[in-house]
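Take a look at the structure set out below.
Numbers restart at 1 for each chain; the letters A, B, ... are given by sequence-line order, proteins then strands.
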Amino acid sequence: MQALRYARPSSVEEAVALLEQGGSGARVLAGGTDVIVQARERRRDINLFVDIKALPEAMSITYDPDQGLTIGAAAPCYQIARHEAVRSHYPCLVDSASLIGGIAIQGRASLGGNLCNASPAADGIPSLIVLAAEAGIAGPGGRRTLPVEDFCTGPGTNALAPGEFLVSLRLPPPHPDSGAAFQRFIPRGEMDIAVANAASQLRFDDGRVRWARVAIGAVAPTPLLVADAAQALVGDPLSDVTIAAAAAAARADARPIEDMRGSIKQRKHLAAVLTERSLRAAADRARGV
Amino acid sequence: MVTADKKHRVVGTRPIRHDGTDKVTGRAAYGADLRLPDMLIGRVKRSPLAHARIKRIDASKALALPGVQAVITSADLPNPADRVVPFGEGSSDLKDLARNVLAADKVLYEGHAVAAVCATDAHIAEDALDLIEVEYEPLPVVLDVREAMLPAAPILHDGLRTKEVGGEKGDQPSNVASHLQLKLGDTEAGFREADLVIEREFETKMVHQGYVEPQNGAAFWNRDGRLEIWTSTQGSFVARDQIAALLDLPVSKVRVTPMEIGGGFGGKIPVYLEPLAALLSRKTGKPVKMTMTRDEVFRATGPTSGTYIRVKIGAKQDGAIVAAQAYLAFEAGAFPGSPVWAASRCVFTAYDVPHQLIDGYDVVVNKPKVAAYRAPGAPTAAFAAESVIDELAQRLEMDPLDLRIKNAAKQGSRRADGATHGVIGNDEVLLAAQDSPHYRSELQGENRGRGVAHGFWFNIGLESSASASVNADGTVSLVLGSTDIGGTRVSIAMQLAETLGIAAEDVAPQVVDTDSVGFTFVTGGSRTAFAGGWAAYEVGMDLRRQLIERAAKIWEVQPEQVEYADDGVLRGPPGDDGAPRAITFRDLAAKLPKTGGMVVGRADVNPKTSGPTFATHIVDVEVDPDTGKVQILRYTAVQDAGTAIHPAYVEGQMQGGAAQGVGWALNEEYRYDDQGRMENPTFLDYRMPTALDLPMIETIIVEVPNPGHPYGVRGVGEVPIVPPLAAVAAAIHDATGVRFNTLPISPAAILDKLLPDGD
Amino acid sequence: MTDPIVIGATINGEATQFLASERDSLLEALRDRVGLIGTKEGCNNGNCGACTVILDGRIVCSCLVMAPEVAGSTITTIEGIATADALHPIQQAFLQDAALQCGICTPGFIVAAKALLDQNSAPTEDDVRLWLAGNLCRCTGYDKIVQAVLHAAANMRG
Amino acid sequence: MARVFIPSLMRDLCHGGSQVEVQGDTLRQVLDNLNTLCPGIKRRILEDGEIRPEFSLAVNGVEESMGLLEPVPDGAEVHILPALSGGARP
């Protein structure tokens with residue numbers, strides 16, 4: 001572990017001040033499952049951990065039928081996956097939160113941290129994108145929000161300005177005739193980084209897809225919102241044909257690299273397969289199956 | 001379990017291991033757990049390049065860091081003599097061992113040690129690594145075994161010439177360290193007799209043993225010139241001998257205390273950190289402890305070879321195999337010494353084949369020097385040979401086990417190395433597999449397949465020592481030199497208990513340092529329960545003789561009149577009252593102090609082999625054609641154990657070997673970029689099976705007692721990793737119709753074959 | 001070098017204060033500062049589970065927790081699983097079922113299994129395998145470990 | 001008499017023969033006598049009076065553990081094998 005200091009601010013303002021003073025060497029510590037490894041392996045130059053787990057706003061999970069869901073950026077995955085309202089209204093988030101790492105990782109890792117780490121293969125981000133989540137950010141200039149699909153700017157980089165940090169994630173209330181689901185592929189049963197992943201949300205109106213969102217991961221520098229896939233679905237009843245078209249759109253948008261976790265051919269293929277699987281699962285959920 | 005006649009009281013039962021409580025409560029002390037007063041922490045500076053000349057090492061900045069106590073480089077190692085050091089399964093020239101421990105003029109793989117530093121705490125030692133400056137002149141790298149064999153390949157060792165085993169050395173520098181050949185009969189004539197000949201090429205990648213405990217070593221070089229070492233090693237004596245040779249010390253100056261060991265599988269026989277800790281201790285006068293990170297374990301310890309293998313087998317229409325030929329090229333890593341020797345002697349050894357020709361090549365590449373890994377060489381050789389046999393069975397429309405049974409080697413069958421098989425359980429294992437509930441069950445469902453494969457391993461014998469003292473409370477303290485990786489304290493203690501006719505719980509085994517017991521070879525080669533148990537048996541016989549004498553003395557009769565029965569009761573002729581005299585071991589023990597004192601038994605044994613053994617594995621898989629994912633649905637391992645001393649630990653060896661083999665087959669591999677930098681040195685990306693990736697592993701223990709052991713024991717630890725690679729490949733073929741001749745058969749590899757090109 | 005800091009936490013039921021560096025992970029602090037060596041290091045990046053401890057009721061990899069984070073927390077390590085006079089039923093089952101070979105992963109498995117049985121007294125084989133998927137064992141093939149946890153659960157149910 | 005099986009890569013020293021019958025009660029005597037029939041073969045097998053680390057010698061299929069002192073019964077088969085370890089043994 002490189003030489004570093006630890007701070008535990010008790011207010012958002014204090015956290016912002018610490019981050020601002022600390023400059024590029026200051027990093028937010030939430031669950032720590034990525035950032036502690038990065039500091040230990042000296043992959044990032046870190047000299048200050050700003051632990052935000054004492055900030056109630058960063059730890060709470062609240063649901064309101066009108067306002068939707070607000071998740072503190074540091075709330076651990078196991079709390080999200082167990083939360084009653086999340087389980088009944090956002091099962092797609094449960095998919096993600098219970099697939100990140102193993103049980104011990106889920107005891108610490110947060111969806112906020114998963115987003116900020118900005119891994120192309122992050123298992124939380126496609127779900128947040130299709131659920132139209134917004135990032136709630138605090139910084140020296142005050143508060144702002146940003147659509148999650150605009151948050152990641154490249155592998156390991158995000159849209160946060162110096163001194164800013166992610167405080168919470170806000171998700172709109174789900175439409176009654178909608179369903180969403182997340183799928184990923186890993187070589188083992190657990191403890192792997194996604195070779196590819198995909199999430200979908202579908203809203204039906206009178207048997208037809210009224211609105212759709214599809215996002216894929218691990219196939220581009222950032223998780224991708226696949227606009228063409230939604231286009232292929234909206235306006236028609238969901239069918240093998242429209243699903244295949246959406247899957248083809250996902251495959252077409254995928255521009256993966258070849259690395260130790262997967263080949264280009266495999267990843268493009270999986271983008272389609274997982275898109276299809278997530279669409280079918282989302283449709284089942286919309287129908288209440 | 002297929003059992004032999006059972007007349008044992010302790011052997012074959014399942015007592016709780018003596019060291020168990022310490023290991024389930026966290027009290028057992030492994031190497032990293034050692035704490036000594038005033039102890040310093042050491043770390044190793046490693047090469048980021050896979051092949052380079054070292055131009056300069058400058059440690060001055062590191063030495064200036066407060067808390068840093070010393071830095072060493074290869075200049076601190078004595079100049080190694082040109083000789084070979086005693087070793088386990090795998091060996092090293094002393095010069096190579098020294099160069100591997102600390103690079104001298106060249107680094108030969110990424111992670112190669114170039115310097116070591118010690119400091120007052122671990123954080124400072126880590127900070128100091130960045131302050132050691134090393135200037136390199138990069139050299140071209142060669143990573144693939146076949147490329148390394150080409151005449152134009154970059155040369156790792158300018159002085160290396162190909163040794164034709166049994167012949168002369170070549171006259172040009174080469175990466176091919178040696179070539180060996182085994183020949184039986186006339187393969188050309190044999191293949192002419194065949195109705196069907198199949199020849200295939202196979203490739204496997206370098207894989208790691210994957211023990212969960214990283215290497216460690218601590219040293220204190222006392223001012224009286226004696227060196228104390230604490231380490232998690234598979235062989236304290238073999239470690240001592242390596243350390244003494246590397247540091248040019250008499251062995252009597254080195255004492256190795258074996259700590260508990262968190263897995264080894266062959267990888268913890270060579271020394272890495274111990275000599276560095278010793279040199280740092282000599283420089284500072286303080287004890288120094290070193291541990292590796294997981295990254296260092298992957299990059300800089302001894303995995304096993306990546307291979308290129310070609311196998312050609314010819315059979316008659318009735319399935320009789322008439323000729324077999326193999327070409328085996330094994331990566332040795334940066335220094336000579338791959339297990340191609342053992343692979344050559346195993347590849348066709350389960351079968352009675354009249355005409356065989358086997359060529360083996362030991363090849364250096366810019367990767368870490370390989371070490372032993374569970375049945376070294378045999379798994380990849382069996383992957384190739386068994387895959388061809390599976391295809392033969394398919395083409396001949398024969399049951400794959402019928403084909404193997406038809407050709408199974410028997411007592412007297414001649415092997416490729418020229419020797420003949422002794423009493424073996426080959427047929428018995430194959431027949432038990434064929435008769436197993438798993439093999440007789442029907443496999444149903446889409447995308448599912450079943451595979452079987454068979455394997456052979458020699459097992460080794462060699463030296464073990466033990467001593468035991470009888471306590472007045474009727475227990476026995478047993479002193480051993482074999483480190484206990486998987487329950488050998490209990491299995492050895494059980495054999496002493498059996499010999500003395502007492503309970504396993506009444507024997508207290510402990511593993512001691514190299515000054516406290518006679519020479520004992522490594523825990524490896526499937527030898528420990530075998531040879532250690534044999535030593536314990538001889539200790540027991542020694543105690544029996546002494547106890548008979550004592551009883552005779554007490555009863556005032558001749559020793560020849562006293563019998564020591566297997567139930568632990570000594571019986572003598574009737575006394576004055578006419579009643580037969582009898583005394584239990586426990587009662588006699590209580591009388592020892594006042595009838596002449598306590599008794600101590602001791603023994604050393606040096607058997608030649610621990611009895612070859614065979615295993616057949618059966619596996620059912622399901623392949624997801626959309627993702628290429630393979631799920632293991634059912635798995636059965638069948639194996640000849642000779643006599644299973646503690647059946648639960650025999651089953652554990654079978655299950656553990658099967659699990660490692662499944663990992664090797666499906667996902668495990670060293671991945672390098674083209675500069676020789678390892679891309680996946682973590683447990684995240686070096687994908688060993690998790691609990692979710694395996695089903696329960698059914699076991700069938702066959703017992704064909706080894707006539708060369710007092711209790712019929714055969715080695716059991718290694719052979720279970722021999723069949724799984726080929727068995728999984730055969731099952732995937734059965735499920736998909738595609739033969740995969742390259743490992744690992746990862747989802748990417750499967751999709752690549754199943755999807756149309758351009759998908 | 002920064003000065004060590006004092007951290008207070010309840011460890012295995014006892015209020016404990018220890019000195020640690022701000023650079024220490026919880027794993028390092030437990031082993032090197034508190035002297036609880038039963039928690040093992042296998043990979044130091046959260047991929048093997050050998051360092052599993054229970055932190056405020058949840059299992060975590062102690063290598064992925066910074067020592068200063070645990071101020072005021074409650075921690076259970078392998079040393080806190082047995083009582084003064086008896087092994088925990090999971091420990092007993094590991095011995096009975098020969099669920100350990102080298103033993104280096106055993107503390108992590110037992111701590112993780114305890115957390116599972118604390119919240120699910122009747123897990124299925126699949127539940128156990130999923131829960132323990134973050135704990136690597138290279139010796140056993142998991143068979144006897146999974147059996148031991150199932151047996152312990154049955155014994156605890158009585 | 002013992003029957004020594006000659007490895008293919010040493011047959012050049014034995015006029016191409018694959019088996020040679022020689023006298024000897026120990027491996028040392030067998031190798032000495034073999035060397036008179038196949039001059040130079042001892043130098044290939046031994047180094048400094050010891051069996052080279054890359055070999056092991058087997059008598060009736062069982063590898064020796066006493067080096068050149070290993071007894072050779074009458075009628076035994078002696079095989080020159082590549083050592084399993086590919087190098088030194090104790």
Any donor and acceptor pair, going by atom type alone, linking the side chain of B/D121 with main-chain N or O of B/H123 inside 3.5 Å?
yes
May I ask you to name which of C/E79, C/R31, C/Q96 has the most heavy-atom pairs under 4.5 Å with chain B?
C/R31
Quick one: ring-ring contact (aromatic ring centres under 6.0 Å, His included) partners of B/H208, sequence neighbours excluded?
B/Y211, B/F298
If we define contacts as heavy-atom pairs under 4.5 Å, which of C/T106, C/L136, C/V146 has the most with chain B?
C/L136
Quick one: of C/E28, C/R129, C/R138, C/Q101, who has the most non-hydrogen atom pairs under 4.5 Å with chain B?
C/R138
Establish, yes or no, whether a centroid distance under 6.0 Å links the rings of C/F109 and C/W131.
no
At a heavy-atom distance under 4.5 Å, which candidate from B/A648, B/A122, B/A659, B/G67 has the highest pair count against chain C?
B/A648
Does a side chain donor of either B/E698 or B/Y635 reach within less than 3.5 Å of an acceptor in the other side chain?
no
Under a 4.0 Å threshold between the charged nitrogen and the carboxylate oxygen, would B/R294 count as salt-bridged to C/E41?
no
Pair B/T523, B/Q234: side-chain N/O donor-acceptor within cut-off below 3.5 Å
no
Sidechain-backbone polar pair: C/Q119 side chain, C/L116 backbone, donor-acceptor under 3.5 Å
no
For the residue pair B/Q69 and B/T120, confirm or rule out a side-chain donor-acceptor distance under 3.5 Å.
no
Chain C heavy atoms under 4.5 Å from B/P695: which part of the residue, side chain, backbone, both or neither?
backbone
Examine distances only and state if a side-chain atom of C/Y142 and a backbone atom of B/P689 form a donor-acceptor pair shorter than 3.5 Å.
yes
Side chains of B/R374 and B/Q660 only: does a donor on one sit below 3.5 Å from an acceptor on the other?
yes
So for C/A133, is it side chain, backbone, both, or neither that comes closer than 4.5 Å to the heavy atoms of chain B?
both
Out of C/I110, C/I90, C/I78, return the one with the most heavy atom pairs under 4.5 angstrom to chain B.
C/I78
Part of C/D24 lying under 4.5 Å from any heavy atom of chain B:
both
Using a cut-off of under 4.5 Å for heavy-atom pairs, which of B/R27, B/Q209, B/H646 has the most such pairs with chain C?
B/Q209
Treating C/D127 as the side-chain partner and C/T124 as the backbone partner, does any N or O pair qualify as donor plus acceptor under 3.5 Å?
yes
Strictly distance-based, threshold 3.5 Å: is any side-chain N or O of B/D127 a donor or acceptor partner for the main-chain N or O of B/L129?
no
When only pairs under 4.5 Å are counted, which of C/C43, C/G35, C/G49 shares the most heavy-atom pairs with chain B?
C/C43
Closer than 3.5 angstrom, by distance alone: can the side chain of C/D143 be matched with the main-chain N or O of B/M696 as a donor-acceptor pair?
no
Strictly by modelled atom types, are C/N47 and B/T682 linked by a side-chain donor-acceptor pair under 3.5 Å?
no
Filtered by a 4.5 Å non-hydrogen cutoff, the part of residues 16-25 of chain B contacting chain C is B/I16, B/R17, B/G20, B/T21, B/K23, B/V24, B/T25
Less than 4.5 Å apart, side chain to side chain, heavy atoms only: is that true for C/T39 and C/T52?
no
Chain B interface, residue from C/G134, C/A98, C/P107, C/G38 that has the most non-hydrogen pairs under 4.5 Å:
C/A98
Relative to chain C, which segment of B/L692 carries a heavy atom at a distance below 4.5 Å: side chain, backbone, both, or neither?
both
Please list, in residue-number order, every residue in residues 31-39 of chain B that has a heavy atom less than 4.5 Å from any heavy atom of chain C; write 'none' if there are none.
B/A32, B/D33, B/R35
Contacting region of C/L130 [heavy-atom separation from chain B under 4.5 Å]:
both
Those residues that, when tested against B/E505, pass salt bridge (charged side-chain N to carboxylate O under 4.0 Å, His left out) (two or more places apart)
none
Cut-off 4.5 Å, heavy atoms of chain B, and the answer for C/N44 is neither
